[in-house]
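Note on naming: letters A, B, ... go to the chains in the order of the sequence lines (proteins, then strands), and numbering restarts at 1 for each one. Hydrogens, waters and symmetry mates are skipped; everything else that's a heavy atom, side chains included, is used. Please read all numbers here as calculations on a predicted model, not as lab measurements.
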Amino acid sequence: MALAENLTPAKPDPAGLLAWYDRHRRRLPWRAGPGERADPYRVWLSEIMLQQTTVVAAGPYFLKFLDRFPDVRALAAAPLDDVLRLWAGLGYYARARNLHACAKAVVERHGGMFPDSEDALLDLPGIGAYTAAAISAIAFDRRATVVDGNVERVVTRLYAIEDELPRAKAIIKKYAEPLTPSNRPGDFAQAMMDLGATICTPKKPACTLCPWIDPCEARKLGLQETFPRKAAKAERPSRTGVAFFVRRADGAVLLRRRPEKGLLGGMVELPGSEWATKFDGDAAMLKAPLKASWCSKGSVTHVFTHFALELRVFAAAVPITTAAPAGCWWSDEVDEEALPNVMRKAVEAGRA
DNA sequence: CACTCGTGGTG
DNA sequence: TCACCAAGAGT
């Protein structure tokens with residue numbers, strides 16, 4: 001046996017990974033138990049939420065959505081604003097719009113049943129290469145190869161792939177594809193991602209616990225932590241803006257809705273200035289929604305993916321007879337609105 | 001292809 | 001503290 005291993009270089013064995021998965025399978029809110037049939041609606045809902053989002057962050061939102069919208073028809077029939085409100089705080093708000101559009105498309109184009117092929121899934125809003133493969137494999141147990149951040153790390157280490165991300169994506173797929181077994185492809189997809197999430201981690205991977213330690217080229221070189229190679233990162237600029245917290249005598253707060261496209265698209269915000277790289281404080285104060293005696297409430301900071309924001313908050317109290325300016329409205333329950341987290345911070349500062 | 005698009009946890 | 005990163009998609 002030892003002789004055979006010496007003569008034949010170790011190759012990553014799908015069955016070995018599946019055996020590891022069976023021993024270490026994690027219980028996740030959206031994951032079917034052993035032997036249970038997966039619900040495509042739940043698989044899809046979880047995969048959308050998990051795009052660039054941690055399991056811990058997505059979990060409560062998944063349960064909220066499942067409770068409010070038990071199936072794809074319920075979600076498709078809901079007003080978009082209900083979906084945005086429930087999504088508020090999770091980030092990447094285009095996902096919420098696409099989620100709603102996708103639910104409607106599944107009802108209208110597929111009679112309320114999710115398609116099982118990658119090609120048909122790719123035609124739906126919010127579903128890209130990764131999610132199409134994930135739904136096909138996990139919900140329908142069809143042979144499809146998922147490549148997410150975990151798989152990229154596992155595969156680039158297994159084969160010591162020197163090409164830099166994101167250019168290496170196609171190469172990684174070529175290496176990952178032949179690993180995918182015909183037997184239990186859905187479990188295999190989840191096993192690859194679990195391996196990356198729990199063993200083959202970005203820093204200090206637990207190689208001694210890895211079922212694929214033998215065939216791992218990066219480990220043989222002692223360079224496992226240096227994969228995947230990545231292109232140099234651009235530095236993050238900072239922007240500054242002003243937000244106005246206006247409270248009417250009865251407690252109502254002045255709000256407005258952001259444009260549907262772009263940053264925080266379709267979400268609710270405090271009225272305010274532009275967020276400028278070159279900030280002009282006097283010009284920003286001219287953007288006040290109405291005439292009032294403004295009181296500085298300091299500033300809140302928030303870090304977005306590609307810039308950091310300092311938002312200077314000013315507050316004022318106005319009489320109950322005050323009319324809402326154009327494009328704004330009074331909200332009695334600001335906490336129930338579709339406020340992104342940066343605006344929750346601003347509201348909190350305005351109240352203080 | 002390069003850029004946009006949130007937020008929170010972690011080392 | 002801060003850079004990195006997390007089951008990526010759309011343009």
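In this entry the distance linking CG of Asp123(A) with P of dG10(C) reads 11 Å, nearest Å. With rounding to whole Å, Ile48(A) atom CD1 is found 8 Å from dA9(C) atom P. Distance Asn150(A) CG to dA6(C) P: 6 Å, rounded to the nearest Å. Distance Lys233(A) NZ to dC4(C) C1': 10 Å, rounded to the nearest Å. The CG atom of Asp163(A) sits 12 Å away from the P atom of dC1(B) (whole-angstrom rounding). Distance, Glu152(A) CD to dG8(C) C1': 10 Å, rounded to whole Å. For the pair Glu260(A) CD and dG10(C) P, the interatomic distance rounds to 17 Å; values are reported in whole Å. Remark: P of dA9(C) and CZ of Arg97(A) are 19 Å apart, rounded to the nearest angstrom.
Within 4.0 Å of Arg26(A), counting heavy atoms only, lies at least one base atom of the nucleic acid. Note on Trp87(A): nothing from the nucleic acid sits closer than 4.0 angstrom, heavy atoms only. Residue contacts for Leu28(A): at a heavy-atom cut-off of 4.0 Å it reaches a base atom on one of the strands shown.
A gap of 22 Å separates the P atoms of dA9(C) and dG8(B), to the nearest Å. Taking the C1' atom of each, dA7(C) and dC3(B) are spaced 22 Å apart, rounded to whole Å.
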Letter by letter from the 5' end, nucleotides 4-11 of chain B scores (B base, S sugar-phosphate only, - none; protein heavy atoms under 4.0 Å) SBBBS---
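For Asp82(A) and Arg85(A), the salt-bridge test passes: some basic side-chain N is under 4.0 Å from an acidic carboxylate O. Between Lys203(A) and Glu225(A) no salt bridge is recorded (no basic side-chain N to carboxylate O distance below 4.0 Å).
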Just do the ring-ring contact (aromatic ring centres under 6.0 Å, His included) check on Phe307(A) and Phe304(A) with the steps written out, would you?
CA-CA 5 Å; Phe307(A) 69 93; Phe304(A) 293 96; 4.9 Å; yes
Output, in order, the C-alpha distance, side-chain angles, deciding distance and verdict of side-chain hydrogen bond (donor to acceptor under 3.5 Å, both in side chains) for Arg95(A) and Thr53(A).
CA-CA 11 Å; Arg95(A) 291 186 296 172; Thr53(A) 304; 3.0 Å; yes
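Residues Val318(A) and Trp329(A) are members of separate hydrophobic clusters, defined by side-chain heavy-atom contacts under 4.5 angstrom among Ile, Leu, Val, Met, Phe, Trp and Tyr. At a threshold of 4.5 Å between side-chain heavy atoms, the hydrophobic network of Ile, Leu, Val, Met, Phe, Trp and Tyr places Leu255(A) and Phe314(A) in two separate groups.
Contact annotation: Lys230(A) reaches the phosphate of dC5(C) (side-chain N/O to OP1 or OP2, under 4.0 Å). One finds no side-chain N or O of Arg153(A) lying less than 4.0 angstrom from the OP1 or OP2 phosphate oxygen of dC5(C).
Within residues 124-132 of chain A, the residues that place at least one heavy atom under 4.0 Å from DNA chain C are, in residue-number order, Pro125(A), Gly126(A), Ile127(A), Gly128(A), Ala129(A), Tyr130(A), Thr131(A).
Annotation: cation-pi geometry not satisfied between Arg157(A) and Tyr159(A) (NZ/CZ under 6.0 angstrom from ring centroid, within 45° of ring axis).
At a cut-off of 3.5 Å, with distance as the only test, a side-chain donor of Arg31(A) or Gln190(A) sits close to an acceptor on the other residue. Residues Thr131(A) and Gln51(A) have side chains that bring a donor and an acceptor to within less than 3.5 angstrom of each other.
Once rounded to the nearest 0.5 Å, the distance linking CD of Glu152(A) with SG of Cys200(A) reads 12.0 Å.
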